[in-house]
Structure formats: structure tokens, C-alpha cells
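Below, all heavy atoms of this structure are taken into account, side chains as well, without hydrogens, waters or symmetry copies. Whatever order the structure lists ligands and atoms in, that order sets their numbers, starting from 1.
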Amino acid sequence: MSTTQVGIVGAGPAGLLLGHLLHLNGIDSVIVENRARDYVIDRVRAGVLEQGTVDLLMAMGVGERLQREGLRHDGLYISFGGERHHIALADLTGGKAITVYGQNEVVKDLIDARIATSRPLHFEAEHVSVGALDSSRPTIHFRQGGTDHEIRCDFIAGCDGFHGVCRQSIPDGALTNYDRLYPFGWLGILAGAPPSSAELVYTYHDRGFALFSMRSPTITRLYFQVPPDEPIDQWTDEAIWDEMLMRMTTRDGWKPQVGRIVQKSVTPMRSFVAAPMRYGRLFLAGDAAHIVPPTGAKGLNLAASDVLVLARALKAFYESGRSDWLDEYSAVCLRRVWKAQRFSWWMTTTLHRSPDETAFDHQRQIADLDYLTGSRAAMTSLAEQYVGLPMEISFESAGL
Ligand code: FAD
Ligand code: PHB
């Protein structure tokens, strides 16, 4: 048996960021992750960091490689009817931008930072469970290397993603779940090809949505809409490129550069919120509490804003015994979460073709895109949400 102040379940962006924020405030934590270190680092997921997430990583002292290798984008393109329309994110938001830097790079930097602190981080923990959540000593149990472990905590942070154990350990009826499934998913590839556009291109095409993104000056990241349960084996590399080129090529001849496909997978799309994001001494953060469809590029950024709010509350509790910020945690997070939910839902339903759409829906989508790309007010609205709405609290209040 061991003890800690904050037990953190999950070493994804939410868990690792929280661990480091607590460390910077002198608060002890143990991170328990059920996967292997290489698996956690190699998993290909998010790519777009909001301005506020970049600022947070810099303020935490873990942004050195991000600043060197991240690709700052001052704009993006919306493409429909065979034409790309530029949205000047930075011009429309007083200089804010997004940065393309893979989630796996963020996680790698945070694992390195954690190891440098010598605070505990357990990978490959089996049979992880949490208990005594409504007591003052909640516990984490797990098995590692054939030995059972128990950690007694003051608080537990459930940062274990959508399929984790923490949310599932909350008694039935304590949370309200808001759920919406979409009748499509994304087939995504990583390809060894230099990006043919310096900025992202979101495409609405008669055959469905497609997205051009990147990871580095030599790696392109591309997606297109498929049915949610599409078997990836059904798609040869050649068929994937044919579909990408068909959807993305614009009348001026722009198209992605073709290269060797090094990774491919299908992701279903969902919007989900569990409220409140707390039960007793268990606090949920990131994908454990909410999921957005990736079209708005918001998931990782919401994980970052959640843990900033949680770090502020835990710092105040340990420094002055106040618990009002712990009590407000869920409400403060959910304000930002719901705005990101609305934006992600809007981006998704505006840019995808739905199997049950009517001819009216199709015309309305085209009008929506025509209005968006022709109105400075509409572009400003997209831009301020895409670069990230303000975090609800200041960095200073979380000890930065
Ligand atoms: P996770 O990253 O899921 O981390 C949870 C961790 O908990 C994992 O390491 C997991 O192994 C571990 N875990 C699970 N169960 C247990 C258990 N029982 N015990 C211990 N550990 C456990 N977001 C963006 O902001 N921008 C984007 O551009 C973007 N693009 C995306 C593209 C795709 C294709 C996908 C799928 C997602 C994208 N996202 C994007 C979303 C983003 O990847 C997630 O929101 C983000 O990973 C959430 O971080 P998290 O730490 O909350 O959860
Ligand atoms: C990515 O680069 O993986 C990416 C970019 C934008 C999104 C989603 C994913 O909206």
C-alpha cells in the first residue's frame, strides 16, 4: 500500500498535463497507465493545437521542442464546388493561430518531463480499478509484474479516455449522459509525402467530406468520410489515393501529393458529454468526460483546459483548504466543453454528407459554406472558435 495526494488514471494528454501542473505546484501524484510506453507514444491521433494550448505548454516549460518543430498556421482553407476559400485565422483574431504538432509528440515531451521529475508513472498496469470514491480516501488498485498494488489518494483524476474505468465506476444515475452518434466515420492515413499546401484544407465534396493535414515537412495526414463501420482492409492503398484525389482536387489543379501510406485506420464519430464531471473525490477530465467529433480539432485542447481548471482547484485546496473551486470544477469546464461541442457538431454537420439527408439539407449546406466564405463576420466566428475560445481561468490562478 502506498499513498499520494492525487492519483491519476491514464497517461494520455490529460493525465500527463495534470501531473506536470501539480508538480509545478509541489503537489504529489501517481500516474497509472494500462498501456505500454511505446504504445502510448506511437498512437496516431490529434494534430492541431489551439493558441491557448500552445501558450499553456510554453508556460509549463514543456514547449521547447513544440516551439522548434511545431508548424504555426495563420490560416486554413474551406473547399467546396471545386474551389478553395482562405480563412485568415490570425488576421481575423488579432494574431492568434493554430500549431500543427502531433499528439504523440506532445505525449512524448510530457513523459520526458514527468520522468525528469522522478515522480511515479506506471505503464502496463493491469486490472486497474478505483474505489471508495465518496470517501475521503479513494483508492486505485492495479496489478503490475505479478504484484497487486493499492494507492490511497486524497483525490483521483479520471484521465483514462472514453473507454476507461473511471467514468464506468460511478454509480448508475449519478451522471447524465448526452450522446450523439454520426452515421459516418473517418478513414485516416499518414503518408510519406511533402504537404502540397502549407495550411489545412477542409473539403465538402459530393462524394463526402475530406481533410488535408500534415505532421511535418515530409509527412502528410489525410482523411475522408466513410461509413462508421467501414472495414479498413476493404481499401487498397491505390483505392484510398483515388478517393482522396477525387474529393480534394480543385479546379485550379491543387491536389495532395501522393506518397507511401505508412499508417491507416477508421475512426467512428461521436459527440458525448457526461455531467457533472465529478463524483465524490473522483474528477473526470478530457475524453473520460466528453468526446467531440474530430472535425473541429478540439478534443486534446479540451483535455488541456479541463486539467488547468482542476489544477487551480487542487492548488487552492492544498494551499488554503478552500474547496469552492473543487465544487465549481465541473460547471466551469462544461461552459467551454459545450461551446466546443456546438462548434464541432456544426463543423461536422456542415461538411459531411449524411445517408439520410434530403435535397433541402444538401442545398442548405452549400448555402452555409457560401455564406461562411463570403462573410467576414461568419469567417471571424469560425476563426475565433478554431484557434480556441478563451480558457475560462487564468494561468496564474493555476500557479503558472
Ligand atoms: P486519451 O488520449 O484517450 O488518454 C487516456 C489514457 O488512459 C490512454 O493512454 C489510455 O491507454 C489510458 N487508459 C484507458 N483505460 C485505462 C485504464 N483502465 N487504466 C489505466 N489507463 C487507462 N483533438 C484535437 O484537439 N485536435 C485534433 O486535431 C484532433 N484530431 C483527432 C483525430 C483523430 C483521428 C482522433 C481519433 C482524435 C482526434 N482528437 C483531436 C482528439 C484527441 O486525440 C483526444 O481528445 C485526446 O486524446 C484526449 O486526451 P485524453 O488524455 O483525455 O484521453
Ligand atoms: C490532424 O491533423 O490529424 C487533424 C487536423 C484537423 C482536424 C482533425 C485532425 O480537424
Checklist entry - Just going by heavy-atom distances, which of Pro268, Ala297, Gly161, Ala304 is nearest to atom 53 (O) of ligand 1? => result Gly161

Item to check | Protein contact to atom 2 (O) of ligand 2 [nearest heavy atom, distance to 0.1 Å] | outcome: Ser213 OG, 2.6 Å

Next on the checklist: Give the atom numbers and elements of ligand 1 that come within less than 4.0 Å of a heavy atom of Arg35.
Outcome noted: 11 (O)

Checklist entry - Does the pair Glu83/Arg251 count as a salt bridge with the N-to-O cut at 4.0 Å? => result yes

Next on the checklist: For ligand 1, which is the ligand I care about here, please tell me if Gly286 has any N or O atom under 3.5 Å from one of the ligand's N or O atoms.
Outcome noted: no

Checklist entry - How about Trp254 and Phe212: are their ring centres within less than 6.0 Å of each other? => result yes

Item to check | ligand 1 atoms in contact with Gly164 (distance to a heavy atom under 4.0 Å) | outcome: 15 (N)

Item to check | For ligand 2, the portion of Val100 having any non-hydrogen atom under 4.0 Å away | outcome: neither

Checklist entry - Minimum heavy-atom separation for Arg215 to Val100, with atom names? => result CA-CG1, 4.4 Å

Item to check | Non-hydrogen protein atom less than 4.0 angstrom from atom 35 (C) of ligand 1 | outcome: no

Item to check | Which residue and heavy atom of the protein sit nearest atom 23 (N) of ligand 1, plus the separation | outcome: Leu300 N, 3.0 Å

Next on the checklist: Taking a cutoff of less than 4.0 Å between a non-hydrogen atom of the residue and any ligand atom, is Tyr223 in contact with ligand 1?
Outcome noted: yes

Checklist entry - Just distances here: any N/O of Gly15 and N/O of ligand 1 closer than 3.5 Å? => result no

Item to check | Glu199 and His86 side chains, donor-acceptor separation under 3.5 Å | outcome: yes

Checklist entry - Is it true that His85 and Phe80 have ring centroids separated by less than 6.0 Å? => result yes

Checklist entry - Would one find more than 12 heavy atoms of other residues, nucleotides or ligands at under 6.0 Å from atom CZ of Arg376? => result no

Checklist outcome for this item: When distances are taken from atom 45 (O) of ligand 1, the protein heavy atom at minimum range is Asp287 OD1, 2.8 Å

Next on the checklist: Please report whether the ring centroid of Tyr77 lies less than 6.0 Å from that of Tyr202.
Outcome noted: no

Item to check | Identity and distance of the protein heavy atom lying nearest atom 30 (N) of ligand 1 | outcome: Ala46 CA, 3.3 Å

Next on the checklist: Is it the case that ligand 1 has an N or O less than 3.5 angstrom from some N or O of Arg45?
Outcome noted: yes

Next on the checklist: Can you report which non-hydrogen protein atom sits closest to atom 8 (C) of ligand 2, along with the distance?
Outcome noted: Pro294 O, 3.4 Å

Item to check | Exceeds 12 heavy-atom contacts within 6.0 angstrom, atom NZ of Lys255 | outcome: no

Checklist entry - Which residue supplies the protein heavy atom nearest to atom 14 (C) of ligand 1, what is that atom called, and how far is it? => result Asp160 O, 3.1 Å

Checklist entry - Can you name the closest pair of heavy atoms from Thr250 and Ser79 and give their distance? => result CG2-OG, 3.6 Å

Checklist entry - Of the backbone atoms (N, CA, C, O) and the side-chain heavy atoms from C-beta on, which set of Glu33 has a member under 4.0 Å from an atom of ligand 1: side chain, backbone, both, or neither? => result both

Next on the checklist: Heavy atoms only: which of Asn34, Leu284, Asp306, Leu49 lies closest to atom 17 (C) of ligand 1?
Outcome noted: Asn34

Next on the checklist: Between Arg278 and Asp327 (salt bridge meaning N to carboxylate O under 4.0 Å), is one present in this structure?
Outcome noted: yes

Checklist entry - N/O to N/O below 3.5 Å, does that happen between Gly47 and ligand 1? => result yes

Next on the checklist: Under a 3.5 Å cutoff, is there a donor and acceptor pairing between the side chains of Gln51 and Asp55?
Outcome noted: yes

Checklist entry - Taking heavy atoms and a distance under 4.0 Å, where does Thr267 meet ligand 1: side chain, backbone, both or neither? => result side chain

Item to check | Within-cut-off N or O pair, Ala14 and ligand 1, under 3.5 Å | outcome: yes

Checklist entry - Can you check whether Val40 has an N/O within less than 3.5 Å of an N/O in ligand 1? => result no

Checklist entry - Any idea which atoms of ligand 2 are less than 4.0 Å away from a heavy-atom of Arg45? => result 3 (O)

Next on the checklist: Just to verify, which of Asp112, Val106, Val107 counts as forming a side chain to side chain contact (heavy atoms under 4.5 Å, CB included) with Leu110?
Outcome noted: Val106

Next on the checklist: Check this for me: Lys315, atom NZ, are more than 12 non-hydrogen atoms of other residues, nucleotides or ligands nearer than 6.0 Å?
Outcome noted: yes

Item to check | Candidate with minimal heavy-atom separation from atom 7 (C) of ligand 2, of Tyr223, Phe212, Tyr202 | outcome: Tyr202

Checklist entry - Is a side-chain donor-acceptor pair under 3.5 Å present for Arg336 with Ser305? => result yes

Checklist entry - Is Trp186 in polar range of ligand 1, meaning some N or O pair under 3.5 Å apart? => result no

Next on the checklist: I need the single residue from Trp186, Tyr204, Tyr182 that forms a ring pair (Phe, Tyr, Trp, His ring centres under 6.0 Å) with Phe209. Which is it?
Outcome noted: Trp186

Checklist outcome for this item: the protein heavy atom lying closest to atom 18 (N) of ligand 1 turns out to be Val165 CG1, 3.6 Å

Checklist outcome for this item: For Gly12, the ligand 1 atoms with a heavy-atom partner under 4.0 Å come out as 4 (O), 6 (C), 9 (O), 51 (O)

Checklist outcome for this item: Logged contact type for Asn301 with ligand 1, heavy-atom cut-off 4.0 Å, is both

Checklist entry - Which atoms of ligand 2 are found less than 4.0 Å from any heavy atom of Trp186? => result 8 (C)

Checklist outcome for this item: Taking only non-hydrogen atoms of Leu211 and a 4.0 Å limit, the atoms of ligand 2 in range are 5 (C), 6 (C), 7 (C), 8 (C), 10 (O)

Next on the checklist: Applying a heavy-atom cut-off of 4.0 Å, say which part of Val9 lies close to ligand 1: side chain, backbone, both or neither.
Outcome noted: side chain

Next on the checklist: List ligand 2 atoms under 4.0 Å from Leu200, heavy atoms only on the residue side.
Outcome noted: 5 (C), 6 (C)

Item to check | Any side-chain donor near an acceptor of the partner, Ser29 and Arg114, under 3.5 Å | outcome: yes

Checklist entry - Any N or O of Val48 that comes nearer than 3.5 Å to an N or O of ligand 2? => result no

Checklist outcome for this item: Filtering Arg221, Glu124, Lys298, Gln103 for the heavy atom nearest atom 47 (O) of ligand 1 leaves Gln103

Next on the checklist: With a heavy-atom distance limit of 4.0 Å, tell me whether Arg43 approaches ligand 1 through its side chain, its backbone, both, or neither.
Outcome noted: side chain

Checklist entry - Are any of the N or O atoms of Ala303 closer than 3.5 Å to those of ligand 1? => result no

Item to check | For atom 5 (C) of ligand 1, the option (of Gly299, Cys159, Pro13, Gly158) bearing the nearest heavy atom | outcome: Cys159

Checklist entry - Will you find, in the side chains of His362 and Arg353, an N or O donor that is under 3.5 Å from an N or O acceptor? => result yes

Next on the checklist: Using a 4.0 Å heavy-atom cut-off, which part of Val32 comes near ligand 1: side chain, backbone, both, or neither?
Outcome noted: backbone

Item to check | Residue part near ligand 1, for Ala125, under 4.0 Å between non-hydrogen atoms | outcome: neither

Checklist entry - For Ala288, is at least one N or O under 3.5 Å away from an N or O on ligand 1? => result no

